[in-house]
Structures are given as C-alpha cells and as structure tokens.
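Below: the structure, in structure tokens.
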Amino acid sequence: MRYMKVSVVVMAAISAVLLALTIWQSTGQGSANLFQNYGVFVLLLVFCAIQLLCIFSRKFQWKRLGSYMLHLGIVLFLVGNGLYFLFGQKVYVDVPVDPNATYSTIKQVNGQPLHLGFELGIADFHVSKYPPDENGYEADKFFVADLVIYEKGNPERQTYDLYVNGPHWQNGWKIYLMSYHQSTDGLQVSLLLKRNPGEWLTIAGLFMLLAGTFVVCFGKPRDTFREPFRGKSRREVAA
Amino acid sequence: MTQLDWIRLLCAIAAVLYIGAAVLYRLIKRPLVAYIVHGAAWAVNMAVVVINWVHNGYVPFISMYQVVTFLGAAFGLTYLYMVFMRRGQWMGMAFALCAGLCLIGVQFMEISVLWIRPPALQSVWFIPHVFAYMLSYSLCAVAAVLTLMQLVAARRRLTDKAAIQQRDQYVARLEQGVYHLILFAFPFMTAGLMLGAIWADQVWGDFWSWDLKENWALITWLCYMLYLHARFTKWKPYAYLISLIGFVALLITFFGVNLMPDSNSMHAYT
C-alpha cells in the first residue's frame with residue numbers, strides 16, 4: 001500500500017496525457033504517430049518502474065500472487081513492445097502473383113530493397129465474394145494466397161496458405177496477407193513482413209496480466225470488500 | 001409485416017418489459033413479480049439474439065444493432081452472477097433499466113438481419129473479444145447508474161437523525177455495490193483489451209496501433225484501474241468521479257469513435 005498514492009498519481013498523469021493526445025487525434029488533426037515517440041516511450045518506462053516498485057516494495061506473500069502476476073504482466077508487455085519499438089522492423093511489399101517467380105530481394109512500398117535471407121513468391125491467389133448488394137457491390141468473403149518459400153541452401157519448394165488472420169512465420173519474419181489489387185503488371189498481393197524481438201515477451205505479459213487480474217478481482221475479498229453484506233441473509237440485503 | 005418489423009416489435013416488447021420490471025423493483029417490497037417480468041423481458045431479448053444468430057449463421061456481433069441487442073441480454077447474465085455470487089438482487093432495478101435503455105436505442109438503429117463479415121473479422125479471437133467487452137460494459141453501465149443514485153441520495157437534506165443514518169447506510173450500500181460491479185467488470189474489460197491486442201497482432205501485424213478506438217478503450221481501462229486503486233487511498237471519497245469519467249470514456253469508445261470527424265479508425269466496421 002506504501003506506493004499506492006504514487007501509483008495513482010502516475011496513472012492519473014498517464015491517463016491525462018493519453019486523454020489529451022487522443023482528444024487531439026479525435027479531432028482528425030493528429031494521427032497514431034502522435035504516440036510513437038520517445039516522450040510516450042519515457043512515460044511508459046516510468047509506468048513500468050512503478051509496477052516494479054509495487055512488486056518489490058513489500059515482502060513476498062503467496063496471497064498476493066495475483067497482484068504480482070498483474071504488475072509483472074504489465075512490465076513484460078511494455079518491455080516486449082519497447083523492444084519492438086527500438087529494434088523491430090515492419091515493411092510493406094507488393095508481390096505479383098506468378099507461379100514461377102520467387103524473390104530473395106523485394107522492393108518495399110517505399111521503394112527501398114529488402115533482403116530476406118530466403119526466397120518468397122505468391123504462386124496463386126483465390127478470392128470468394130459475397131452476393132452483390134443493392135448497388136451491385138460484391139464484398140470480399142475470403143481470400144487466400146499460395147505462399148512459396150525456398151530456404152537458403154535448400155532447393156525444396158515449400159508452399160503455405162496465407163490468409164487474413166493467418167500469418168506465416170519464416171526465419172524470424174512474420175508474413176501477413178493484407179490485401180490485393182490489380183496493377184499494370186497484373187494481380188498484386190500486398191504483404192506485411194514484420195520482425196518483432198519482443199513478440200513472445202508481449203504475449204506472455206498479456207496472459208500474465210489477464211490471469212493476474214482474474215485472480216485479484218475474483219479472489220478472496222480484502223478489507224472492506226464485503227463489509228455491508230457480511231453476516232446478513234439475502235432477504236436482509238435485499239431489504 | 002416484414003421480418004424486420006417483427007424484430008423491431010420484439011425489441012420494443014422487451015424494452016417495455018425491462019422498464020416495467022425496473023419500475024416494479026422500485027415500487028414493490030416483494031420483488032417476485034418484478035423477477036418474472038424481468039425474466040420475460042430477457043427471454044424476448046434472447047429470442048431476438050437467437051433470430052439474428054440463426055439468420056447470420058454465426059454469433060451476431062457484427063453490426064451495432066446486433067451488438068447492442070446482445071448487450072441488452074448480457075445485463076441478464078451479469079445480474080444472475082450478482083444475485084447468486086454477490087448478493088446483488090437489490091440491483092435489479094438498475095440492471096433492468098440499463099437493458100431497457102439498450103433496446104430503446106435499438107429502435108433508432110438500422111436493423112438488418114444479414115450483415116457481411118469481412119475477412120478481418122473471421123478470427124477465433126472475435127467472439128471472446130466482443131463477449132468479454134459486452135459483459136464488462138453491462139456491469140460498468142449498472143455501476144454508473146448506481147453511482148448517480150448514490151450522488152442523488154447523498155445530496156438529500158435531512159434533519160431527522162434516524163433518517164440521516166438510514167440515508168448514510170443506503171449511500172454506503174450503493175458505494176459498495178458500485179465497487180463490486182467494477183471489481184467484476186474489470187477482469188472482463190482486461191480480457192477484451194488483451195484478446196483484442198492478440199487478435200490485432202494476427203490481423204494487422206501490431207499488438208497496439210494507437211488507433212482511436214484502442215486509445216479510448218485504454219483510457220477507459222486506465223480510469224477503472226485508477227478507481228480500483230484510488231479506493232485504497234485518501235482520495236476514496238472522490239473515487240466515484242473517476243468511475244463516472246471512466247463510463248463517459250466507455251460510451252465514447254463504444255458509440256462515439258465512429259461518429260468522430262475523419263477518425264480513420266481501423267475499427268470502422270464495428
């Protein structure tokens with residue numbers, strides 16, 4: 001409890017900054033870039049430090065396990081995302097649909113070449129549509145690309161189904177199917193390639209935070225939690 | 001009458017029954033009749049959810065109409081938990097009132113039984129993400145109603161000592177009720193936020209994109225976290241203010257983001 005007041009002040013400060021930036025963003029004048037800077041990064045570091053203070057300021061007690069999990073989960077999540085912010089890589093590429101073409105170097109959407117360390121290609125692409133609406137527009141129901149991979153030094157052709165919500169891992173890269181479009185060169189598939197050194201730390205943090213929150217909030221109530229109801233029958237409480 | 005007219009009528013019947021139940025909870029001492037009316041309202045509400053489900057062929061969480069209809073039914077689920085696990089049967093009026101308001105709101109929405117489900121929504125995380133949020137939103141809405149009741153009761157000027165004591169007990173009970181509701185809502189809100197982050201990584205390639213809807217959801221979460229912490233400090237008497245700010249942020253997250261100018265939210269289809 002010693003650092004509860006400090007935690008409240010820091011959380012209130014972070015909420016206020018976030019609120020101010022989000023209101024600015026809500027007016028349509030700011031973008032997500034507002035939040036991707038070293039100022040917000042430092043603020044989240046302070047938040048991280050407060051979590052550690054909450055964990056280590058008191059002697060270890062098993063009954064506070066949920067609280068430890070919760071605060072440690074936030075730390076892991078923020079550290080994981082910090083690693084991604086500092087050392088991660090995220091690139092968008094357009095790949096032509098061609099059963100015979102694979103690429104070890106792809107031109108990014110911003111024009112820069114990207115060296116992959118393996119060969120990648122899209123052999124085929126299938127899309128199914130919903131029935132047309134009253135304006136004749138057919139919305140996408142599902143689309144899937146046949147991803148072809150040749151690993152370095154391995155002539156064996158590997159194929160995978162790549163679809164929205166179904167990314168593929170390859171040599172540290174996570175490959176996402178984002179969309180597709182027709183260009184002068186034919187059908188092109190838009191991919192997102194991402195390297196995130198903090199990925200598993202982030203996921204571990206998320207689940208730890210979630211489990212900790214459930215343990216704390218559904219665990220044995222503390223102090224005054226049930227005081228007004230204690231020892232009373234349902235009828236008395238209802239009255 | 002077309003199928004949509006029938007659905008609108010069923011929503012209207014459920015709304016009237018919910019509001020009727022809320023009035024009965026308030027007026028009569030023995031709430032058996034109120035329970036029956038409340039149960040009937042929930043049954044009609046669930047019938048609309050089932051109709052949506054059957055016609056879509058998947059859980060009806062796509063459009064605002066479908067989600068708000070489900071939210072109305074979620075109040076029934078969370079009320080059952082509060083009754084059996086936290087002795088919260090005295091909160092029946094607030095639960096019925098909030099569910100009724102949801103179904104009144106449905107009357108002003110575009111009702112369509114068939115909505116397309118874009119590829120981004122075809123994920124295993126979709127149902128748990130929305131379901132967790134609906135449970136937490138229902139509880140937070142009831143908490144906000146009880147907080148307002150607490151404020152009104154606390155402002156009542158009394159001279160009689162016994163009446164003052166009775167009023168203080170009532171206010172304390174409301175305050176405790178709000179705390180129990182938020183304590184129950186918070187894990188589900190966390191689950192909604194966390195599962196949403198994992199899903200976002202699967203579909204958009206980022207756990208967190210600082211998207212407008214995500215930011216408002218984070219502000220809501222932080223407000224309720226702040227409330228739960230502030231209750232253990234000297235600022236406890238003002239904690240109710242934080243919970244009310246949290247509820248305003250929740251409303252902006254749920255309804256407001258799509259109405260904002262040039263929001264360009266990645267959650268635009270919600």
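Proteins come first, then strands; the chains are lettered A, B, ... in the order of their sequence lines, and each starts at number 1.
Relative ring orientation between A:Phe218 and B:Tyr81 is described as perpendicular, the plane-to-plane angle rising above 60° on a 0-90° scale split at 30° and 60°.
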A:Val164 and B:Gln202: CA distance, side-chain angles, deciding distance, side chain to side chain contact (heavy atoms under 4.5 Å, CB included) verdict: CA-CA 8 Å; A:Val164 179; B:Gln202 290 291 302; over 6 Å; no
B:Trp210 and A:Val40: CA distance, side-chain angles, deciding distance, side chain to side chain contact (heavy atoms under 4.5 Å, CB included) verdict: CA-CA 11 Å; B:Trp210 297 108; A:Val40 173; 4.3 Å; yes
Residues A:Lys90, B:Asp206; criterion salt bridge (Lys or Arg N to Asp or Glu O under 4.0 Å); working and verdict: CA-CA 9 Å; A:Lys90 185 180 175 185; B:Asp206 276 318; 2.3 Å; yes
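In this structure, the side chains of A:Lys5 and B:Lys234 come closer than 4.5 Å at one or more pairs of heavy atoms. Annotation: side chain of A:Val8 is not in contact with side chain of B:Tyr227 (no heavy-atom distance under 4.5 Å).
Minimum heavy-atom separation, B:Ala197 to A:Leu206: CB-CD1, 4.2 Å. When all heavy atoms are compared, the tightest approach of A:Lys141 to B:Gln122 is O-NE2, 2.7 Å. Between B:Leu212 and A:Thr22, the shortest heavy-atom contact is CD1-O, 4.0 Å.
Between the side chain of A:Tyr130 and the backbone N or O of B:Arg117 there is at least one donor-acceptor pair closer than 3.5 Å. Distance alone, capped at 3.5 Å, places no donor-acceptor pair between the A:Tyr163 side chain and the B:Pro119 backbone.
Residue-environment remark: CD (A:Glu138) exceeds the threshold of 12 foreign heavy atoms within 6.0 Å. Counting heavy atoms of neighbouring residues, nucleotides and ligands inside a 6.0 Å radius, atom CZ of B:Phe255 exceeds 12 of them.
Checked against a 6.0 Å centroid threshold, the rings of A:Phe214 and B:Phe186 do not count as neighbours.
Per-residue heavy-atom pair counts under 4.5 Å with chain B were compared for A:Gly212, A:Ala12, A:Ser7, A:Gly80, and the maximum is reached by A:Ala12. Considering only heavy-atom pairs separated by less than 4.5 Å from chain A, the leading option among B:Gly92, B:Ala249, B:Pro187 is B:Pro187. Among A:Gly205, A:Pro167, A:Gly166, the residue with the largest count of heavy-atom pairs under 4.5 Å with chain B is A:Pro167.
Side-chain atoms of B:Asn215 and A:Gln25 include a donor-acceptor pair closer than 3.5 Å. For the residue pair B:Trp199 and A:Asn165, a side-chain donor N or O sits within less than 3.5 Å of a side-chain acceptor on the partner.
With rounding to the nearest 0.5 Å, the separation of CD1 in A:Ile23 from CD1 in B:Ile252 is 7.0 Å. For the atom pair CG (B:Leu222) and CZ (A:Phe47), the distance works out to 6.0 Å, reported to the nearest 0.5 Å. With rounding to the nearest 0.5 Å, the separation of CE in B:Met189 from OG1 in A:Thr213 is 12.0 Å. Within the model, atoms CD1 of A:Ile203 and CE of B:Met194 stand 13.0 Å from one another, a figure rounded to the nearest 0.5 Å. Note: A:Thr202 OG1 to B:Asp201 CG = 8.0 Å, rounded to the nearest 0.5 Å. The CD1 atom of B:Ile198 lies 8.0 Å from the CG atom of A:Leu210; values are rounded to the nearest 0.5 Å.
Contacts between A:Met11 and chain B at a heavy-atom distance below 4.5 Å involve backbone atoms as well as side-chain atoms. A:Asn196 touches chain B through its side chain: at least one heavy atom from C-beta onward sits under 4.5 Å away, while N, CA, C and O do not.
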